[in-house]
Structures are given as structure tokens and as C-alpha cells.
Amino acid sequence: TEMVQAQNAGAFAALEASGEEYIQWSSSLTDGGRGHQEMNNKIVRIGDYFTLPDGTKMLRPGDPNAPIKHLANCRCSVRAPSRTAIRRLKQQGKII
């Protein structure tokens with residue numbers, strides 16, 4: 001759990017420092033019913049919150065301010081989305 005938190009905090013900081021505007025949630029294959037699989041490939045602007053299916057808001061997987069049920073044994077990660085994915089979501093009006 002702590003390793004995933006550290007990895008995602010570092011990845012988030014690196015993406016932010018490199019000038020990326022958006023981040024993408026990448027879920028593991030199983031999540032124990034927490035709704036993390038439904039978050040797979042969701043994209044938000046850096047600094048905005050991901051909204052999980054149960055309404056929980058997280059800056060990134062492993063966000064230390066999230067409830068423990070979304071942190072314990074989570075294996076999700078954050079990455080830079082492809083330009084194609086960003087363009088498609090902008091065309092659909094899902095991100096600005």
C-alpha cells in the first residue's frame with residue numbers, strides 16, 4: 001500500500017513538473033469491489049479530482065486523503081494520457 005502511494009505521488013509530481021495538463025487512472029485487473037476498475041482510463045486535468053463510483057474524490061490513486069478502503073492493497077497507477085485520448089474527450093465535451 002505504501003509503495004503504491006509513493007510511486008503514484010512521484011509519478012504525479014513528475015507529470016506535473018513536466019508540464020502535462022492531464023492525468024489518466026490506470027486500474028489493476030481486480031480491485032476487490034471498490035470501483036477502481038471502472039476508473040480505468042479516466043482522464044482529468046492535473047489538480048482536479050477523479051470521482052470514484054461511490055462519490056469519493058481522489059487526486060490520484062493512493063491519495064493519502066482518501067478513505068482506507070480506497071488505499072489498502074490498491075495497485076492502480078497514474079500516467080500521462082495519449083494525445084489521441086485527450087483529443088477524443090475534448091471533441092466529446094468530456095474534458096476542457
Side-chain angles (χ1 to χ4, degrees):
T1 298
E2 288 83 8
M3 183 62 84
V4 168
Q5 287 179 312
Q7 287 173 332
N8 284 318
F12 183 88
L15 291 167
E16 190 172 39
S18 69
E20 288 290 336
E21 289 185 68
Y22 299 94
I23 56 173
Q24 183 172 7
W25 187 294
S26 179
S27 70
S28 61
L29 295 176
T30 60
D31 70 2
R34 298 180 278 195
H36 292 194
Q37 287 176 316
E38 294 174 42
M39 296 304 297
N40 194 45
N41 296 321
K42 297 287 185 194
I43 297 171
V44 298
R45 186 177 293 277
I46 284 186
D48 287 350
Y49 288 89
F50 288 98
T51 303
L52 281 68
D54 69 357
T56 299
K57 295 192 179 297
M58 296 176 68
L59 278 176
R60 63 181 182 278
D63 183 344
N65 297 311
I68 191 66
K69 73 177 187 174
H70 289 297
L71 299 176
N73 299 315
C74 176
R75 295 178 307 279
C76 299
S77 60
V78 66
R79 64 178 178 225
S82 71
R83 299 292 172 227
T84 303
I86 293 169
R87 190 170 34 254
R88 183 176 57 248
L89 291 173
K90 283 183 176 181
Q91 290 171 347
Q92 295 171 355
K94 294 183 179 178
I95 59 173
I96 299 171

Return the [atom1] to [atom2] distance between [X] and [Y], rounded to the nearest 0.5 Å.
{"X": "Leu15", "Y": "Ile23", "atom1": "CG", "atom2": "CD1", "value": "7.5 Å"}
{"X": "Cys76", "Y": "Met58", "atom1": "SG", "atom2": "CE", "value": "8.0 Å"}
{"X": "Glu21", "Y": "Asp48", "atom1": "CD", "atom2": "CG", "value": "11.5 Å"}

Under 4.5 Å between any side-chain heavy atoms of [X] and [Y], yes or no?
{"X": "Lys94", "Y": "Arg88", "result": "no"}
{"X": "Asn8", "Y": "Ser77", "result": "yes"}
{"X": "Val78", "Y": "Ser26", "result": "no"}
{"X": "Val44", "Y": "Ile95", "result": "no"}
{"X": "Met39", "Y": "Pro53", "result": "yes"}
{"X": "Tyr22", "Y": "Ile46", "result": "no"}

*asked:* Filter on salt bridge (Lys or Arg N to Asp or Glu O under 4.0 Å), then keep only pairs touching residues 50-73, sequence neighbours left out; what's left?
replied: Asp54-Lys69
Nearest non-hydrogen partners of [X] and [Y], listed with the distance:
{"X": "Ser27", "Y": "His36", "value": "CB-O, 3.2 Å"}
{"X": "Thr56", "Y": "Pro67", "value": "CG2-CD, 3.7 Å"}
{"X": "Ile43", "Y": "Pro81", "value": "CD1-CB, 3.5 Å"}
{"X": "Leu59", "Y": "Gly47", "value": "CD2-O, 3.5 Å"}

*Quick one: sort the Trp25 and Phe50 rings into parallel, tilted or perpendicular, breaks at 30° and 60°.*
perpendicular
*Not counting sequence neighbours, which residues clear side-chain hydrogen bond (donor to acceptor under 3.5 Å, both in side chains) with Asn41? List them please.*
Gln24, Arg79
*Heavy atoms from other residues, nucleotides or ligands near CG of Asn73 exceed 12 (cutoff 6.0 Å)*: no
_Taking salt bridge (Lys or Arg N to Asp or Glu O under 4.0 Å) as the definition, give me every residue that meets it alongside Arg83, ordered by chain and number, with sequence neighbours left out._
Glu20
